[in-house]
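Here is the structure we will look at, set down as structure tokens.
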Number of protein chains: 2
Amino acid sequence: MNDDSVRGDGAVQPVFDLTQFTPYKLALAAQLLSEALARQYRQRFGISIPDWRVLVHLSHSGGASVRDIETSVVMEKSKVSRAASRLEGRGLVAKRPHPEDKRLVHLSLTPEGQALVAEIQPLALTLQAQIEADLGAGFADFAKALDLLADKYNLQGG
Amino acid sequence: MNDDSVRGDGAVQPVFDLTQFTPYKLALAAQLLSEALARQYRQRFGISIPDWRVLVHLSHSGGASVRDIETSVVMEKSKVSRAASRLEGRGLVAKRPHPEDKRLVHLSLTPEGQALVAEIQPLALTLQAQIEADLGAGFADFAKALDLLADKYNLQGG
DNA sequence: ATAAATACGTTGCATATGCAACGAAAATCG
DNA sequence: CGATTTTCGTTGCATATGCAACGTATTTAT
């Protein structure tokens, strides 16, 4: 990444190889893994990754507002809103007005939604186990590094 | 991630926390880092990440076809084609017919394109250095893990 | 040599996305 | 209290994306 080459004018121009650039590697690994996952979710259950994230968060939390999901799974609120509408249309999620704060929309899984999550989770757990096996002893450090980067580059460039 | 909870019917349902799911963490870190980078590129140079990838590859290779870029930086050919057209429109990239194979479009940087790359590269190198500093001794292993995952999940789910 | 199959790059189309604007509701301030 | 600000969720709009289809060119097979 950092070998230097001398140009005709004598100035030094670092040789830059995109494939050795960490943000690129990170984006690539994330893209490939997401695509692999998305293929499964889509083919077998007809849901997208945003859908999946909403479903999982609702399963985990037992119910949440759009804003809750926006912050906890880091999705634009419009993306959450649209995913929720899609899922409601499929009968997987119920939208109810919040009794105390009428601005909020309370989202929760329907029984059908719970059943779907119960079906998909094993796939995710299997993938997780596979990744942990792939990375072996280095897995914990890898996960920590991801957390560190996400924390450091969360809003702002460092 | 793998704590189990017992449901009313006696069956065991693993508790699944999206935020501990590695594909999610990976996607999140990649997204945040990409956004930080994209902000800089866009604000200061008016280019997108696909544009940047094409520019860098052309700088590194000295010239390439759409297909070359598609495979080496893992971008859909339509994405490459559109980025190349945008960049041509801005005078940063030249499109020429390939002399031997008339199916190919030979892309190369114009002097203006070279100048732009020379301006942007320091930003990228700085970010790279920062990331390496953030991760410290663990950087090399982290990079290796990314390569391993990208390799393993390249086309297919493992 | 001719036909069929493949490769390359562009474009049309349907969908997904981010962002800003909006209306409704709640919180804060004077 | 009443007025202003802020919050929440949805939607309109411009843009970006993936995928398939297409025209052209080359390679392979007959």
Side-chain angles (χ1 to χ4, degrees), chain A residues 27-28 30-32 34-39 41-43 46-54 57-58 63-90 93-108 155, chain B residues 27-28 30-32 34-39 41-43 46-54 57-58 63-90 93-108 155:
Chain A
L28 179 59
Q31 178 192 333
L32 293 175
S34 281
E35 284 176 357
L37 204 52
R39 244 191 313 274
Y41 291 172
R42 182 166 29 81
Q43 288 178 353
I47 67 171
S48 66
I49 285 193
D51 292 345
W52 150 255
R53 289 191 184 175
V54 168
H57 181 76
L58 291 179
S65 69
V66 171
R67 178 69 175 170
D68 289 335
I69 299 177
E70 177 184 14
T71 58
S72 43
V73 306
V74 193
M75 277 171 59
E76 285 283 317
K77 61 182 178 176
S78 61
K79 215 173 176 178
V80 175
S81 174
R82 283 163 174 148
S85 294
R86 264 194 304 275
L87 294 168
E88 186 192 26
R90 293 191 45 188
V93 160
K95 282 187 186 178
R96 298 182 49 92
H98 189 285
E100 299 176 16
D101 189 335
K102 295 183 185 174
R103 293 172 300 180
L104 301 180
V105 172
H106 182 78
L107 305 173
S108 57
L155 191 68
Chain B
L28 180 59
Q31 178 191 333
L32 294 175
S34 281
E35 284 176 358
L37 204 53
R39 246 193 311 275
Y41 292 172
R42 181 166 29 82
Q43 288 178 354
I47 66 171
S48 66
I49 285 192
D51 292 346
W52 149 256
R53 288 191 184 176
V54 168
H57 182 75
L58 291 179
S65 70
V66 171
R67 178 68 176 171
D68 288 335
I69 299 177
E70 178 183 13
T71 57
S72 43
V73 305
V74 192
M75 279 171 57
E76 284 282 317
K77 61 182 180 176
S78 62
K79 214 172 176 178
V80 176
S81 173
R82 283 162 175 149
S85 294
R86 266 195 303 275
L87 295 168
E88 186 192 25
R90 294 191 44 188
V93 160
K95 281 187 185 178
R96 299 181 49 92
H98 189 287
E100 298 176 16
D101 188 334
K102 295 183 186 173
R103 292 172 303 182
L104 302 181
V105 172
H106 182 79
L107 304 172
S108 57
L155 192 68

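Residue numbers start from 1 in every chain, and the chains themselves are labelled A, B, ... in the order their sequence lines are given, proteins ahead of strands. These numbers come from a predicted model, not from an experiment. Values reported hereafter were calculated over all heavy atoms of this structure, with side chains retained and with hydrogens, waters and symmetry mates removed.
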So does A:R82 reach the base of D:dG9 with its side chain, donor to acceptor, closer than 3.5 Å? no

Please report the closest heavy-atom contact between A:S34 and A:I49, naming both atoms and the distance. O-CD1, 3.6 Å

Against B:L87, only a single residue in B:L58, B:V54, B:L107 fulfils side-chain contact (heavy atoms from CB on, under 4.5 Å); can you say which? B:V54

Gap between atoms NZ and P, on A:K79 and D:dT10 respectively (whole Å): 16 Å

Go through it in stages, so that I can follow the logic: the residues are B:E70 and B:S65, the test is side-chain contact (heavy atoms from CB on, under 4.5 Å), and I'd like the CA-CA distance, side-chain angles, deciding distance and then a yes or no. CA-CA 9 Å; B:E70 178 183 13; B:S65 70; over 6 Å; no

Nucleotide of C:dC19, C:dG9, D:dC8 approaching B:V105 most closely (side-chain heavy atoms): C:dG9

Indicate, with a heavy-atom threshold strictly under 4.0 Å, whether B:S65 touches base, sugar-phosphate, or nothing. sugar-phosphate

Gap between atoms CZ and P, on B:R67 and D:dA25 respectively (whole Å): 19 Å

Hey, which sits more toward the 5' end of DNA chain D by its nearest nucleotide, A:V66 or A:Q31? A:V66

Nearest whole Å is fine: how far is D:dC8 P from A:H106 NE2? 16 Å

What's the CD1-P distance between B:I69 and C:dA7, to the nearest Å? 19 Å

Over all atoms of both residues, closest heavy-atom pair of A:S72 and A:H57: OG-CE1, 3.0 Å

So, does the side chain of A:R103 form a donor-acceptor pair with the base of D:dT7 at under 3.5 Å? yes

Check whether any side-chain nitrogen or oxygen of B:S81 sits under 4.0 Å from OP1 or OP2 of C:dT10, and answer yes or no. yes

Over how many whole Å does the gap from A:K77 atom NZ to C:dA20 atom C1' extend? 10 Å

Compare side-chain N and O positions of B:K95 against OP1 and OP2 of C:dT10 and report whether any pair is under 4.0 Å apart. yes

Is the phosphate of C:dT10 approached by B:S78 (side-chain N or O, under 4.0 Å from OP1 or OP2)? no

Mind checking A:S85 for me? I need base, sugar-phosphate or nothing, with any heavy atom below 4.0 Å counting as a touch. nothing

Given atom CD of A:E35 and atom P of C:dA16, what is their separation to the nearest angstrom? 16 Å

To the side chain of B:P50, which of C:dT10, D:dG9, D:dT17 is closest? D:dT17

5'-most by nearest nucleotide on DNA chain C - A:E100 or A:R86: A:R86

Atom pair distance, as rounded to whole Å: CD in A:E70 and P in C:dG18: 11 Å

If you assign each of A:K102 and B:D101 to its closest nucleotide in DNA chain C, which residue comes earlier from the 5' end? B:D101

Round to a whole Å and report the spacing from CG of A:L104 to C1' of C:dA27. 13 Å

Under 3.5 Å, which donor-acceptor pairs link side chains of residues 75-83 of chain A to any protein atom two or more places apart or in another chain?
none

